[in-house]
2 protein chains.
Amino acid sequence: MSELVEDLIVNAVLDAIAEQRLPAGTKLGEQPLSDLFSCNRANVRRALATLAAQHVVELRPNRGAFVMTPSPQEARDVFQARRAIESTIARQAAGRASVEDIAFLRTNIQDEAQARTDGDKPAELRASRQFHMRLAQIAGNLVLERFLSELTMRSTLILGLYSATGSSSCAADEHDRIVDALEAGDGGELIRLTDIHLRHLEAGLNFDAPPAAPMSLRDQLLSGG
Amino acid sequence: MSELVEDLIVNAVLDAIAEQRLPAGTKLGEQPLSDLFSCNRANVRRALATLAAQHVVELRPNRGAFVMTPSPQEARDVFQARRAIESTIARQAAGRASVEDIAFLRTNIQDEAQARTDGDKPAELRASRQFHMRLAQIAGNLVLERFLSELTMRSTLILGLYSATGSSSCAADEHDRIVDALEAGDGGELIRLTDIHLRHLEAGLNFDAPPAAPMSLRDQLLSGG
DNA sequence: CTAACATGTATTGTTAACAATTAATGATGA
DNA sequence: TCATCATTAATTGTTAACAATACATGTTAG
């Protein structure tokens, strides 16, 4: 289980972004990170390079690393890519889901609803992301799974920047109907519902809101440790 | 035009892989690379981390970096992902192609045919890859374009390992008909032809061939400079 | 009071030296 | 002759010090 330090950093940053503890634009200084993870700057640098390769972090020469701030055009591209990938995932997942998969998704929906009523935004976002990622795992394609992992991460940044209403995450009843179609093995319906679901998510964006101000670093990273 | 050293290394390796000058399994030592590009090892390490994030290079701790050797399962996943992405690209590209785009694709097909008759495998692979990447550019989605870039790279490695017949690259007449559909603005036909094209490519694989032996490094990287 | 400028500080980028691990070589013994 | 083991060489991993760049503060002139 001993993981490499570089992966620790990468996963900590990804988790923090996935739960919107790290908003777009936040600076990721090398010394703060190497202090937090008690390692040298070389490992931090490699981790930042890995994150930059996933377009989750922006690397400005001589300036440092910043959490990516997606443009409206980028938002459009990301959601179009999600529809492309998640429709294929839906097609593959139909008829492949085990009873454990269905059970996991059902409880996941409940967890998300609970988090929403509790006002626990990080938990809500985490659950919502887990729902989509579990579907990808059911589909059994590691390439699509990794692509979707990156896209959901970037979606979180986009929603954090441009979410118009309070609808910053998925509608719970849509998730419900998706599991119904999955359990019934109705591939066509599953694809249709997934596409609609993603379009609803994208429709909830408005691109006139100013970007939020970046906040401090230690609090954000350590609350998910 | 002054590019960062790290990007130089990344692009050189990617180009070499795209033209099959770097076969799967080749070791990418840090000192040889830093000598070739006359830089320090830190830059090489960052470049290798970036390549590893694209699953084009495998990073084994304490062993070094190696050109990825895709498994048969990975090959299946890659081609399924390509169908998912390139079908969406086809839908977007239909009706968006300019006359310059069409002209480029036509001459590209000629170049590829010429390279094939000349027996110039690198040029043939380069042209074939450029064809698919140009379609992605026409579609105008940077996310899908980057995903496809990674997938075509990995496809080249897969074809280098598992190509059964001499059909290690695309059938030229299929490219021809794809351009016809694109020029006619027939989206449905374009999607259909693209899907068939990719299935033909995948059908040409056989997974009983042993992997080829790795070769030296300097010759492979410098012949494409 | 504002704007441009100069200084000092902090951060990133680079380099070299050292430690640790792995691969390779050759010797030894069955 | 082959397998095992010790030694040696080469490569990766780590660390620290230094250089260069950008940022922030405070100053000065208009």
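These values consider heavy atoms only, across backbone and side chains, with no hydrogens, waters or symmetry-generated copies. Lettering of chains follows the sequences in order, A, B, ..., and the numbering in each one begins at 1.
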**Student:** Please report the distance, rounded to the nearest Å, between CG in A:Asp35 and C1' in C:dT11.
**Tutor:** 13 Å
**Student:** Provide, to the nearest angstrom, the distance between the CD atom belonging to A:Gln31 and the P atom belonging to C:dG13.
**Tutor:** 14 Å
**Student:** Any sub-3.5 Å donor-acceptor pair from B:Asp101's side-chain atoms to B:Ser98's backbone N or O?
**Tutor:** yes
**Student:** Within the modelled atom types, does a donor on one side and an acceptor on the other bring the side chain of A:Arg46 and the base of D:dG13 under 3.5 Å apart?
**Tutor:** no
**Student:** To the nearest Å, how far apart are B:Leu48 CG and D:dG13 C1'?
**Tutor:**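 Taking CG of B:Leu48 and C1' of D:dG13, I get 14 Å after rounding.
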**Student:** Counting only side-chain nitrogens and oxygens, does A:Asn43 get under 4.0 Å of the OP1 or OP2 atom of D:dT14?
**Tutor:**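 For D:dT14, OP1 or OP2 has a side-chain N or O of A:Asn43 closer than 4.0 Å.
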**Student:** What is the distance, to the nearest angstrom, from the CZ atom on B:Arg41 to the C1' atom on D:dG13?
**Tutor:** 7 Å
**Student:** Rounded to whole angstroms, how far apart are CG on A:Leu59 and C1' on D:dA22?
**Tutor:** 16 Å
**Student:** Nearest to the side chain of A:Ala42 - D:dT15, C:dG13, C:dT15?
**Tutor:** D:dT15
**Student:** DNA chain D: A:Asn62 or B:Arg63, which has the more 5' nearest nucleotide?
**Tutor:**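 Result of the comparison: B:Arg63.
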**Student:** Within the distance-only criterion (no hydrogens, no angle test), does the side chain of B:Asn141 pair as donor or acceptor with the backbone N or O of A:Asp77 below 3.5 angstrom?
**Tutor:** yes
**Student:** Closer than 4.0 Å, any side-chain N/O of A:Arg45 to the OP1 or OP2 of C:dT12?
**Tutor:**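 So the side chain of A:Arg45 is outside the cut-off, no N or O lying under 4.0 Å from OP1 or OP2 of C:dT12.
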**Student:** Quick one: is D:dT12 close enough that its OP1 or OP2 comes under 4.0 Å of any side-chain N or O from B:Lys27?
**Tutor:**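 Yes, B:Lys27 has a side-chain N/O under 4.0 Å of OP1/OP2 on D:dT12.
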**Student:** Take atom CZ of B:Phe37 and atom C1' of C:dT15, then tell me their distance rounded to the nearest Å.
**Tutor:**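 Roughly 20 Å, once rounded to whole Å.
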**Student:** Could you state the atom-to-atom distance from CG of B:Leu4 to P of D:dT21 in whole Å?
**Tutor:**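 So the CG-P distance, B:Leu4 to D:dT21, works out to 13 Å.
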**Student:** State, without any angle test, whether A:Asp111 and A:Asn108 hold a side-chain donor-acceptor pair at a distance under 3.5 Å.
**Tutor:** no
**Student:** Between P on C:dT11 and CZ on A:Phe66, what's the gap in Å once rounded to a whole number?
**Tutor:** 12 Å
**Student:** Quiz question: by atom type and distance under 3.5 Å, do the side chains of A:Gln31 and A:Asp35 form a donor-acceptor pair?
**Tutor:** no
**Student:** Would you say C:dT15 has OP1 or OP2 under 4.0 Å from some side-chain N or O of B:Asn40?
**Tutor:**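 So the side-chain polar atoms of B:Asn40 do come within 4.0 Å of the phosphate oxygens OP1 or OP2 of C:dT15, strictly under.
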**Student:** Out of A:Arg91, A:Arg83, A:Glu86, A:Arg199, which residue meets the side-chain contact (heavy atoms from CB on, under 4.5 Å) rule with A:Thr194?
**Tutor:**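 Result for side-chain contact (heavy atoms from CB on, under 4.5 Å) with A:Thr194: A:Glu86.
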